[in-house]
Amino acid sequence: MELLKECSTATLSDDEQFAMLRQVIDDYERRESNLIQILHMAQAIFGFLPEDVLHFIGTEMDLPMSRIHGVVSFYSYFTTLPRGRHSVQVCLGTACYVRGGKKVLDSLKSEIGIDVGQTTADRRFTLEVKRCIGSCSLAPAVMIDKTVHKRVNPNKLQEILKLYE
Ligand code: FES
């Protein structure tokens, strides 16, 4: 899986990515009971699950698109939109919310020009919201990739974002 994640960073051509996906589908014997695993692998290969990839899986596995869309939309792990190089997760759990998390989120939205769930056009950031990231005593907290930034306030944001190109 890790290897596939590295491969997904655009080092493979489209044809190579689809050939790899076909191999995955073969390895899972085209069984509907393996659809979730196949979708996981597809997301590892492509980085997300665009419509043409879902269509490919449907055709190869002889499954209706409604079945595939149903699974993809049920699990929040799956994403049909491209993700940014950096994942920005603003905590809006109770402690963070009451200590200004919402203001931080609003400032972030205007700073990077996107809404929650979106990715910047340059694929630099994807903006998300979390319910608690385990740093309640140092709220409000924002996690960028694997780093938790604590006691964040809107004035600190520019400085923090500069760390992530
Ligand atoms: S509520 Fe934000 S870290 Fe716990």
Side-chain angles (χ1 to χ4, degrees), residues 1-12 17 20-21 24 28 33-54 57 66-165:
M1 194 71 130
E2 281 308 309
L3 176 65
L4 287 176
K5 273 184 190 158
E6 285 170 29
C7 290
S8 73
T9 57
T11 55
L12 298 177
Q17 287 177 316
M20 189 179 276
L21 178 55
V24 167
Y28 280 102
S33 58
N34 290 329
L35 178 58
I36 292 174
Q37 288 93 324
I38 290 167
L39 288 166
H40 271 286
M41 295 299 275
Q43 186 159 294
I45 293 169
F46 292 88
F48 66 114
L49 295 171
E51 194 58 32
D52 58 340
V53 168
L54 298 182
I57 292 171
S66 57
R67 168 83 180 114
I68 294 174
H69 283 137
V71 172
V72 169
S73 58
F74 185 80
Y75 294 99
S76 61
Y77 169 82
F78 294 127
T79 177
T80 55
L81 298 170
R83 294 188 59 82
R85 296 189 295 285
H86 303 291
S87 148
V88 180
Q89 302 182 320
V90 180
C91 182
L92 286 186
T94 307
C96 289
Y97 190 89
V98 299
R99 291 192 205 162
K102 179 71 167 50
K103 272 189 195 145
V104 170
L105 177 62
D106 290 341
S107 301
L108 256 173
K109 282 187 196 172
S110 63
E111 189 67 41
I112 60 180
I114 54 173
D115 212 331
V116 173
Q118 295 180 336
T119 295
T120 54
D122 60 3
R123 304 273 292 267
R124 186 175 166 206
F125 295 118
T126 295
L127 182 60
E128 293 166 319
V129 161
K130 287 280 170 191
R131 291 298 159 199
C132 182
I133 52 180
S135 298
C136 308
S137 61
L138 295 167
V142 174
M143 180 143 80
I144 304 185
D145 300 335
K146 290 181 177 161
T147 303
V148 178
H149 297 271
K150 298 159 185 163
R151 291 202 174 114
V152 176
N153 68 58
N155 301 330
K156 281 189 182 174
L157 286 175
Q158 278 194 347
E159 203 179 308
I160 292 170
L161 293 174
K162 270 190 209 152
L163 301 171
Y164 300 91
E165 279 310 319

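Note that ligands are numbered from 1 as they come in the structure, with each ligand's atoms numbered from 1 the same way.
Counting only distance, with no hydrogens or angles, the side chain of Glu111 and the backbone of Leu161 share no donor-acceptor pair below 3.5 Å. With hydrogens and angles disregarded, a donor-acceptor distance shorter than 3.5 Å links the side chain of Thr120 to the backbone of Phe125. Arg124 contributes a side-chain N or O that, together with a main-chain N or O of Tyr164, makes up a donor-acceptor pair within less than 3.5 Å.
Distance check for Cys132 against atom 4 (Fe) of ligand 1: an N/O/S atom falls below 2.8 Å. Counting backbone and side-chain atoms alike, Cys91 contributes no N/O/S atom closer than 2.8 Å to atom 4 (Fe) of ligand 1.
Other residues, nucleotides and ligands contribute at most 12 non-hydrogen atoms within 6.0 Å of the NZ atom of Lys102.
Atoms of ligand 1 lying under 4.0 Å from at least one heavy atom of Cys136, given by number and element, are 1 (S), 3 (S), 4 (Fe). Listed by number with element, the atoms of ligand 1 under 4.0 angstrom from any heavy atom of Gly134 are 3 (S).
Looking at Thr119 and Thr126, their side chains do bring a donor and an acceptor atom within 3.5 Å of each other.
Of all protein heavy atoms, the one lying nearest to atom 3 (S) of ligand 1 is Ser135 N, 3.2 Å.
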